[in-house]
Student: 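Got a structure for you, written out below as structure tokens; questions coming shortly.
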There are 2 protein chains.
Amino acid sequence: MAEPIKRLPKLPVERALKVIAGRWKPVILYYVFCGPKRLSELKRMMPEITQKVLIQQLREMEEHGLVRREVFAEVPARVEYTATELGLGLEPVLLALCQWGQRHAEAQNEIADIADCIVRPRKASFAA
Amino acid sequence: MAEPIKRLPKLPVERALKVIAGRWKPVILYYVFCGPKRLSELKRMMPEITQKVLIQQLREMEEHGLVRREVFAEVPARVEYTATELGLGLEPVLLALCQWGQRHAEAQNEIADIADCIVRPRKASFAA
DNA sequence: CTGTATCCGTGCCGATACTG
DNA sequence: CAGTATCGGCACGGATACAG
């Protein structure tokens, strides 16, 4: 019991992939990059994800230093998830992935679909 | 039955991740980027990977248009795997992932480990 | 509102043996 | 040399119910 603290891969690329490749992580990061988000907000923004899984993914990203979890001792307990410096460093990387994904979608077959453009320039750093 | 031809995700980032995130894909790409490689070569270069899995990964990457498989009708049958244009477009992306992985390794805990530097500049485009 | 506990399908990967 | 067939483990994610 009590997580043996899963070791990350030694090779940098694999390490990076391991850390971002969760089913919902890119999307979560997309929102969190725009500013601190509460759990309930994230839930509303991604209606398809289960709460359990959402928290799971957040926990992992926290453990990997991508996001920071802050609890505010208020009346209705409030919790905010914020991107760390390390996490923000993923913006260009995710952007690159996104762009290549576009190229791939076009080259491969169907239309570009939802231009999701994961990362918007670091402006308006608080809630959308 | 008969592969429903697994749909790739609609969102570009997820699509890209899905395509690269195989257990051995980054490493395989690393070698293939340096020039066409035979199956036996790849096996020798990555002693840890199973032949079945190696072929599996190659098949998927072929299906996704990252590598091209060429059979040469020679006496001892020869097969070469080469990176496609689309595949080569991943070099900068993998490089970005690699670099961020380094930062992460340092920031997180242990030393930089094996500086794996997945992608080397497009030179010496044939066998190492 | 935020979070935990349980159960379970499925996908990915590995080991091993066999074939043209 | 290049490839297929089989079997099985295990992590991941999803559904659902419950708790502080």
Side-chain angles (χ1 to χ4, degrees), chain A residues 1-9 11 14 17-28 32 36-64 67-82 127, chain B residues 1-9 11 14 17-28 32 36-64 67-82 127:
Chain A
M1 54 210 66
E3 310 313 296
I5 303 176
K6 273 183 278 188
R7 280 331 250 138
L8 285 176
L11 277 69
E14 297 185 343
L17 283 172
K18 189 86 178 184
V19 161
I20 358 176
R23 173 70 182 77
W24 296 95
K25 287 178 185 172
V27 186
I28 298 177
V32 172
K37 293 283 172 294
R38 307 187 47 166
L39 185 68
S40 45
E41 291 183 287
L42 292 171
K43 276 202 291 186
R44 246 178 293 114
M45 293 166 137
M46 305 174 286
E48 312 172 75
I49 189 176
T50 295
Q51 171 165 319
K52 177 216 165 188
V53 175
L54 174 55
I55 296 183
Q56 238 175 220
Q57 307 265 310
L58 284 168
R59 284 282 185 283
E60 292 179 14
M61 295 170 84
E62 189 192 355
E63 182 174 352
H64 293 152
V67 299
R68 183 176 34 253
R69 179 173 174 272
E70 277 169 310
V71 188
F72 298 85
E74 302 178 352
V75 182
R78 184 171 57 123
V79 177
E80 279 187 0
Y81 294 90
T82 320
Chain B
M1 52 212 69
E3 310 313 296
I5 303 176
K6 273 183 277 187
R7 285 322 256 141
L8 285 176
L11 277 69
E14 297 185 343
L17 284 172
K18 188 89 179 181
V19 160
I20 355 175
R23 172 69 181 78
W24 297 95
K25 286 178 186 173
V27 185
I28 298 178
V32 172
K37 293 282 172 293
R38 307 186 47 164
L39 185 67
S40 46
E41 291 184 286
L42 292 172
K43 275 202 290 185
R44 246 178 294 114
M45 294 165 135
M46 305 174 287
E48 312 172 74
I49 188 175
T50 295
Q51 171 165 317
K52 178 215 166 187
V53 174
L54 174 56
I55 295 182
Q56 237 176 221
Q57 307 265 311
L58 284 168
R59 285 279 185 286
E60 292 179 14
M61 296 170 83
E62 191 192 353
E63 181 175 354
H64 293 152
V67 299
R68 183 174 36 252
R69 180 174 174 271
E70 277 169 310
V71 188
F72 297 85
E74 303 178 353
V75 183
R78 184 169 57 122
V79 177
E80 278 188 359
Y81 295 90
T82 320

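A, B, ... follow the sequence lines: proteins, then strands. Residue 1 opens every chain.
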Student: Report yes if at least one side-chain N or O of Trp24(B) is closer than 4.0 Å to OP1 or OP2 of dG14(C); otherwise report no.
Tutor: yes
Student: Indicate, with a heavy-atom threshold strictly under 4.0 Å, whether Val79(A) touches base, sugar-phosphate, or nothing.
Tutor: sugar-phosphate
Student: Return the CD to CG distance between Gln57(B) and Leu42(B), rounded to the nearest 0.5 Å.
Tutor: 12.0 Å
Student: Quickly work out the Leu42(A) CG to dC1(C) P distance and round it to whole Å.
Tutor: 13 Å
Student: Give one of base, sugar-phosphate or nothing for Lys43(B), where a contact means two heavy atoms less than 4.0 Å apart.
Tutor: nothing
Student: Among the candidates dC1(C), dC13(C), dG13(D), find the nucleotide nearest to the side-chain atoms of Arg23(B).
Tutor: dC13(C)
Student: Just checking Gln57(B): base, sugar-phosphate only, or nothing, at a heavy-atom cut-off of under 4.0 Å?
Tutor: sugar-phosphate
Student: Reading DNA chain C from 5' onward, which residue's closest nucleotide shows up sooner: Arg69(A) or Lys52(A)?
Tutor: Arg69(A)
Student: What does Phe72(B) touch in the nucleic acid at a heavy-atom separation under 4.0 angstrom: a base, only the sugar-phosphate, or nothing?
Tutor: nothing
Student: Nearest-Å distance, CG (Leu39(A)) to P (dA19(D))?
Tutor: 19 Å
Student: What is the distance, rounded to the nearest whole Å, between atom CE of Met46(A) and atom P of dG14(D)?
Tutor: 11 Å
Student: In whole angstrom, what separates Arg44(A)'s CZ from dT2(C)'s P?
Tutor: 9 Å
Student: For Glu14(B) and dC12(D), what is the distance between atoms CD and P respectively, to the nearest whole Å?
Tutor: 17 Å
Student: So what does Thr50(B) touch, heavy atoms closer than 4.0 Å: a base, only the sugar-phosphate, or nothing?
Tutor: base
Student: About how many Å separate CZ of Arg69(A) and CZ of Arg59(A), when rounded to the nearest 0.5 Å?
Tutor: 4.5 Å
Student: Let me know the distance between CD of Glu74(B) and P of dG20(C), rounded to the nearest Å.
Tutor: 22 Å
Student: Using whole Å, what does the distance between atom C1' of nucleotide dA11(D) and atom CD of Glu60(A) come to?
Tutor: 10 Å
Student: Can you give me the closest heavy-atom contact between Tyr81(B) and Val32(B), atom names plus distance?
Tutor: O-CG1, 3.9 Å
Student: Looking at Arg78(B), does any N or O in its side chain come under 4.0 Å of the phosphate oxygens OP1/OP2 on dC1(D)?
Tutor: no
Student: Given dT2(C), dC12(C), dG14(D), which nucleotide is nearest the side-chain atoms of Lys18(B)?
Tutor: dC12(C)
Student: Answer yes when Glu41(A) and Lys37(A) have at least one side-chain N-carboxylate O distance shorter than 4.0 Å, and no when they do not.
Tutor: no
Student: Roughly, in whole Å, what's the span from CD in Glu48(A) to C1' in dG14(D)?
Tutor: 13 Å
Student: Do NZ/NE/NH1/NH2 and the carboxylate oxygens of Glu14(B) and Arg23(A) come within less than 4.0 Å?
Tutor: yes
